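Written out below as structure tokens is the structure these notes cover.
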Protein chains: 2
Amino acid sequence: MHSEVVASRNADQRDSSRESRNGTPQLDAVSLAIIQQLQEDGRRPYAAIGKAVGLSEAAVRQRVQKLLDQGVMQIVAVTDPLTVGFRRQAMVGVNVEGDVESIADALTAMSEVEYVVMTAGSFDILAEIVCEDDDHLLDVINKRIRALPGVRSTESFVYLKLKKQTYMWGTR
Amino acid sequence: MHSEVVASRNADQRDSSRESRNGTPQLDAVSLAIIQQLQEDGRRPYAAIGKAVGLSEAAVRQRVQKLLDQGVMQIVAVTDPLTVGFRRQAMVGVNVEGDVESIADALTAMSEVEYVVMTAGSFDILAEIVCEDDDHLLDVINKRIRALPGVRSTESFVYLKLKKQTYMWGTR
DNA sequence: GCCACGTCTGCGAAATCCGCAATCCACGAC
DNA sequence: GTCGTGGATTGCGGATTTCGCAGACGTGGC
């Protein structure tokens with residue numbers, strides 16, 4: 001045992017706390033392997049993960065805790081909102097004049113907005129919105145988002161059917 | 001104790017196995033409350049969840065197992081791919097002539113594609129792509145997606161910065 | 001009435017989680 | 001070279017959680 005990722009251990013382990021230039025922690029191979037295990041099953045026992053990545057149960061537990069504290073990953077239940085009673089979802093493309101980031105922050109503050117990303121292309125921001133019904137969706141897009149000062153225009157894509165939703169990159 | 005959601009228990013519990021017309025299971029208030037707990041912390045103990053929703057530990061465990069088996073939810077670690085070494089991500093809007101669903105299936109089959117949704121609006125499909133670098137991204141978009149028969153056109157939005165990623169609707 | 005079915009509860013055994021002290025190792029100071 | 005420091009890992013015992021199962025309960029079909 002202790003066969004999988006052992007080779008790079010001593011060389012890499014310090015990296016797990018080093019910071020790259022944008023402030024996000026640099027991850028070594030062992031932490032990536034741990035994340036991958038938890039992407040397959042977020043409730044997998046620490047001991048099983050340890051056996052897979054070549055670490056003791058306590059060490060895995062410590063690393064997982066740190067990854068959670070640092071915000072590198074979160075362990076959560078994910079659902080298809082359509083299954084769970086949120087009948088209207090949409091992706092909204094936003095064009096901004098002025099400070100894009102402050103608009104993105106404003107969108108982030110809205111509870112109906114699940115996902116915000118700044119992009120290059122014909123939209124400055126893409127935001128995913130989850131609502132209970134059409135009225136709610138209309139309200140969020142027209143009254144709240146378009147009302148933000150600096151929002152030049154928006155385009156909406158109402159979801160018809162979610163086909164895929166994965167969190168298992170790495171497992172290729 | 002046993003105070004939170006008790007009132008609707010006997011009336012609703014059978015619904016947890018009933019099917020709505022599109023084949024997705026109908027969820028009662030207790031299951032929703034359980035999901036909500038696990039959206040806050042995917043590793044929360046069953047006993048703690050039980051206390052919060054007014055059910056025994058064993059009952060919670062049974063329900064969670066069923067929700068997982070039915071595919072209503074999954075408990076997984078989620079990360080910002082940019083933090084974890086995938087340096088290029090993009091949302092791709094696709095326009096299709098002919099059968100949209102078969103194109104969506106083809107996209108779903110690609111391992112680089114994390115997210116596929118069929119939409120109403122100026123795109124038929126939105127797909128999120130996670131790649132290691134520019135070459136990889138270019139390859140996926142130009143060689144693989146545009147090559148699919150029936151794809152009329154695509155538009156790409158390369159991610160610059162992920163601002164928000166939540167799974168806590170319901171917690172409003 | 002009575003059986004079948006699905007769900008919930010209670011409980012004991014096994015496994016897991018948790019905190020802590022000791023150890024190991026790389027690295028810098030002197 | 002030696003010593004000290006800090007971070008990571010390990011090994012453990014006790015507390016907690018998970019797991020499987022048998023029994024109880026309520027509802028609907030016959």
Side-chain angles (χ1 to χ4, degrees), chain A residues 1-20 25-35 37-38 40-70 72-77, chain B residues 1-20 25-35 37-38 40-70 72-77:
Chain A
M1 64 182 74
H2 276 211
S3 52
E4 278 77 357
V5 201
V6 176
S8 59
R9 271 263 294 296
N10 290 339
D12 286 344
Q13 60 189 9
R14 279 168 293 99
D15 292 350
S16 66
S17 63
R18 198 195 295 163
E19 306 254 327
S20 66
Q26 201 66 14
L27 303 178
D28 64 10
V30 179
S31 288
L32 286 177
I34 291 173
I35 293 174
Q37 292 285 319
L38 289 170
E40 291 172 16
D41 174 7
R43 277 185 168 253
R44 186 162 296 170
Y46 296 129
I49 298 171
K51 202 168 345 181
V53 307
L55 232 55
S56 70
E57 176 267 343
V60 172
R61 178 156 37 92
Q62 218 169 267
R63 283 198 184 225
V64 168
Q65 193 54 54
K66 195 159 81 170
L67 290 170
L68 295 174
D69 290 342
Q70 288 175 150
V72 172
M73 70 170 180
Q74 34 183 339
I75 300 177
V76 293
Chain B
M1 65 181 72
H2 276 212
S3 53
E4 279 75 359
V5 201
V6 176
S8 59
R9 270 263 294 296
N10 290 339
D12 287 343
Q13 61 189 10
R14 278 169 293 100
D15 291 350
S16 67
S17 63
R18 196 197 296 164
E19 306 255 326
S20 66
Q26 202 66 13
L27 302 177
D28 65 11
V30 180
S31 288
L32 286 177
I34 292 174
I35 293 174
Q37 292 286 318
L38 289 169
E40 292 173 15
D41 174 6
R43 276 183 168 256
R44 184 163 296 170
Y46 296 128
I49 298 171
K51 201 167 346 180
V53 306
L55 234 54
S56 70
E57 174 268 338
V60 172
R61 180 156 36 92
Q62 278 172 174
R63 284 199 183 223
V64 168
Q65 192 55 54
K66 194 161 82 169
L67 291 170
L68 295 174
D69 291 341
Q70 287 175 151
V72 173
M73 70 170 179
Q74 36 183 337
I75 300 176
V76 293

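Since this is a predicted model, take the numbers as computed values, not measurements. Residue numbers begin at 1 in each chain, while the letters A, B, ... track the order of the sequences.
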- Roughly, in whole Å, what's the span from CG in B:L55 to P in D:dC25? 17 Å
- Nearest atoms (heavy-atom pairs only) where A:V64 meets A:M73: CG1-CE, 3.8 Å
- Message: For B:A77 versus A:I35, what's the shortest heavy-atom pair and its separation?
- Response: CB-O, 4.4 Å
- Message: Less than 4.0 angstrom between a side-chain N/O of B:K66 and OP1 or OP2 of C:dT7, yes or no?
- Response: yes
- Item | Minimum heavy-atom distance between A:Q74 and A:L68, given as atom pair plus value | CA-CD2, 4.0 Å
- d(B:L38 CG, B:I75 CD1) to nearest 0.5 Å is 4.5 Å
- With a 4.5 Å limit on heavy-atom distance, are the side chains of A:L27 and A:R63 in contact? no
- Message: Using C1' atoms of five pairs at each end, report the bend of the helix from C:dG1-D:dC30 to C:dC30-D:dG1 rounded to 10 degrees.
- Response: 30°
- Message: Please enumerate all residues that pass side chain to side chain contact (heavy atoms under 4.5 Å, CB included) together with B:R61, with sequence neighbours excluded.
- Response: B:Y46, B:E57, B:A58
- Contact summary for A:R43 and B:G42, nearest pair of heavy atoms: NE-O, 3.1 Å
- Message: Please encode protein proximity along nucleotides 17-22 of chain C as a string of B, S and -, counting only heavy-atom distances under 4.0 Å.
- Response: BBB---
- State, to 0.1 Å, how close A:L55 and A:A59 come at their nearest heavy-atom pair, and which atoms those are. CG-CB, 3.7 Å
- Item | Rounded distance in Å - CD (B:Q65) to C1' (D:dC21) | 16 Å
- Nearest-Å distance, CD1 (B:I49) to P (D:dT17)? 11 Å
